Amino acid sequence: MVTSVPEDVGTAGALRAISRHLTANDILVVSGDLVSDVPPGAVAATHRRNGAVVTAMLCSVPVSGSSESGSASGKDKTKKAVVHNIVGLDPTKQFLLYIATGAEIEKDYKIQKSILRAVGQMDIRADLMDAYMYAFKRSALQEVLDQKDTFRSLRQDVLPYLVRSQLRSEVLLNGTPRTEENGIEKVGSHKIQVLLSQILSNSSATSFHDLYACGADGSIPVRKTHKCCVYIPPSSNYCARLFSIQSYSDINRDVIGEASHLSGYSFSAQNNIIHPSAQLGSKTTVGPHCMLGEGSQMGDKCSVKRSVIGRHCRIGSNVKIANSVVMDHVTIADGCSIQGSVICSNVQLQERAVIRDCQVGAGFVVTAACEYKGEALARKEK
């Protein structure tokens, strides 16, 4: 089934639109920009084993960073600060006890001491990326979507809400501890580790998911709480989000490098991938960790370094391509230079064009001898 929804409803709104069609006890939600070799079944198995209302896959932050506000053009990509999620896990690294998204932690932010005391022990991590693969208990998800009609994002609204609500009964059970500023402690991100260590070392609360029995007279309090869990794959698994031009370039380089098993191709003795139907001119070199697609042709004295070139491209002589992605059916004339750029399909570069740190949209024509740096070039709509 395919359902079309307005762009501004967000991921929660999209699920809300199809919620009446969901019938399974548990559902798996996967973002279309996730590139990973982690089997979804591993997340589902963890979810069912723990009887959780939600299980989120958290992966190690890629070396290139996890900024989820990646720039649309080369001009802006160095201006965006790399931000991470702050997550709190129990000592077994099974339960998600706290989460703050990147937008919340760029400046000082607030943590409730009562929540910290309620969970007993918590491991604070800033090196994990939300991979946007979630397993939900269907009934719990539908309840949240129905009751919270203003929620738009699974990551920013639904997941933090479920994490917060699992602590509610804990806080009520343990009472309201003595706090400052109405139970809120303002914390600078650079001091978070020290402060949490001090708070948690003084905590006398029982472990978070210990359950209590209830006497007939109600004298023993009942702790009714759901579980929010995490699945953290082994570091040997590949996991990245394709949410920006920079991440697109990084993933392409990974797939012809350390994550070459994702490509489905075998590397040559020169540690590159050149399709058997591709043609190379005299004195043309294709370096390690490069890929040249089916039916592509290169003229004489060309150089390709750490780049991906798609299918059926026509590349002239004396062309230099470095740290770039060139998609299918691109024509590059003699003497062109391309560095740190993404060239979309059916682009034409005329003689001696120079492109550095640019994104060139499909069908665009770069005129002869023009030089662009840090530009987003696109064909005007008629």
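Nothing here was measured: the structure is a model prediction, and the numbers come from that model.
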Any idea which heavy atoms bring A240 and M129 closest together, and the distance?
CA-CE, 4.1 Å

Which value, rounded to the nearest 0.5 Å, describes the distance between D328 atom CG and E294 atom CD?
9.5 Å

Any side-chain heavy atom of C239 within less than 4.5 Å of one from S60?
no

Is it true that the side chains of Y132 and T11 contain a donor and an acceptor less than 3.5 Å apart?
yes

Looking at Q350 and A368, would you say the former's side chain and the latter's main chain have a donor-acceptor pair under 3.5 Å?
yes

Could you tell me whether the side chain of F267 reaches within less than 4.5 Å of the side chain of I273, counting heavy atoms only?
yes

Okay, side chain of D300, backbone of S282: is any donor-acceptor separation there less than 3.5 Å?
yes

Would you call K93 and R125 a side-chain contact if the rule is heavy atoms closer than 4.5 Å?
yes

So which heavy atom on P160 is nearest to which on R155, and how close?
CD-O, 3.1 Å

Interatomic spacing from CG in D357 to CD1 in I245 - rounded to 0.5 Å:
12.5 Å

Just by distance, do the side chain of R138 and the backbone of A24 share a donor-acceptor pair under 3.5 Å?
yes

Tell me the closest heavy-atom pair linking G361 and C344, and the distance in Å.
C-CB, 3.8 Å

Less than 4.5 Å apart, side chain to side chain, heavy atoms only: is that true for P40 and M133?
yes

Could you walk me through whether L349 and I338 satisfy the side chain to side chain contact (heavy atoms under 4.5 Å, CB included) test, starting with their C-alpha distance in whole Å, then the side-chain angles of each, then the deciding distance to 0.1 Å, before giving a yes or no?
CA-CA 10 Å; L349 275 71; I338 301 171; 3.7 Å; yes

Approximate separation, where rounding is to 0.5 Å, of I256 CD1 and N272 CG
9.0 Å

Begin from the C-alpha positions of Y134 and H47 and carry the test side chain to side chain contact (heavy atoms under 4.5 Å, CB included) through to its verdict.
CA-CA 9 Å; Y134 307 124; H47 179 73; over 6 Å; no

May I ask you to decide if V255's main-chain N or O and S260's side chain share a donor-acceptor pair within less than 3.5 Å?
no

Is it the case that over 12 heavy atoms from other parts of the model lie below 6.0 angstrom from the CZ atom of R314?
yes

Beyond-backbone contact of I332 with I321, side-chain heavy atoms, under 4.5 angstrom
yes

Which heavy-atom pair separates C290 from V304 by the least distance, and what is that distance?
SG-O, 3.6 Å

Quick one: do R241 and D33 make a salt bridge, cutoff under 4.0 Å?
yes

Could you grab the distance from atom CD of Q94 to atom CG of L89, nearest 0.5 Å is fine?
10.5 Å

Checking D254 side chain against A259 main chain: does a donor-acceptor pair fall under 3.5 Å?
no

Minimum side-chain heavy-atom gap K320-K305 below 4.5 Å
no

Do C228 and V53 have side-chain heavy atoms sitting under 4.5 Å apart?
yes

With the 4.5 Å side-chain cut-off for hydrophobic clustering, are V308 and V326 part of the same group?
no

E258 side-chain N/O to Y238 backbone N/O, donor-acceptor pair under 3.5 Å:
no

Would you check if there is a donor-acceptor pair between the side chains of S153 and D157 at a distance under 3.5 Å?
no

Looking only at atom types and distance, does a side-chain atom of S324 sit under 3.5 Å from a main-chain N or O of V342, one as donor and one as acceptor?
no

Joint cluster assignment, V163 & V54, ILVMFWY side-chain distance < 4.5 Å
yes

Are V325 and V347 co-members of a hydrophobic cluster defined by side-chain heavy atoms under 4.5 Å apart?
no

Measure the spacing between CD of Q339 and CD1 of I355 and express it to the nearest 0.5 Å.
11.5 Å

Please confirm whether the backbone N or O of F151 pairs with a side-chain atom of R16, one donor and one acceptor, at under 3.5 Å?
yes

Checking N237, I232, V230, L34 against M57 for side-chain contact (heavy atoms from CB on, under 4.5 Å), the one that qualifies is L34

If two hydrophobic side chains count as joined below 4.5 Å and joins carry through other members, does L58 share a cluster with Y161?
yes

Who pairs with H312 by ring-ring contact (aromatic ring centres under 6.0 Å, His included), at least two apart in sequence or on another chain?
H329

One pair to check against side chain to side chain contact (heavy atoms under 4.5 Å, CB included): I274 and L280. What are the steps and the verdict?
CA-CA 10 Å; I274 300 177; L280 302 181; 4.0 Å; yes

Determine whether a donor-acceptor pair (N or O, by modelled atom type, separation under 3.5 Å) exists between the side chain of R311 and the backbone of G295.
no

If every non-hydrogen atom of N323 is compared with every non-hydrogen atom of S307, which pair is closest and at what distance?
N-OG, 3.0 Å

To the nearest 0.5 Å, atom CG of L154 lies from atom CG of L141 at 7.0 Å

Taking all atoms of both residues into account, what is the closest heavy-atom pair of A333 and V319, and its distance?
O-CG2, 3.4 Å

According to a hydrophobic-cluster definition based on side-chain heavy atoms being under 4.5 Å apart (Ile, Leu, Val, Met, Phe, Trp, Tyr only), do L28 and L22 belong together?
no

A side-chain contact here means heavy atoms from C-beta on lying under 4.5 Å apart; do D334 and N318 qualify?
no

Side chain to side chain contact (heavy atoms under 4.5 Å, CB included) assessment of T55 paired with N50:
CA-CA 9 Å; T55 300; N50 290 312; 5.7 Å; no

Is it the case that the side chain of T284 and the backbone of G299 share a donor-acceptor pair, with hydrogens and angles ignored and the cut-off at 3.5 Å?
yes

Does the side chain of Q246 pick up a donor-acceptor pair with the side chain of D250 at under 3.5 Å?
yes

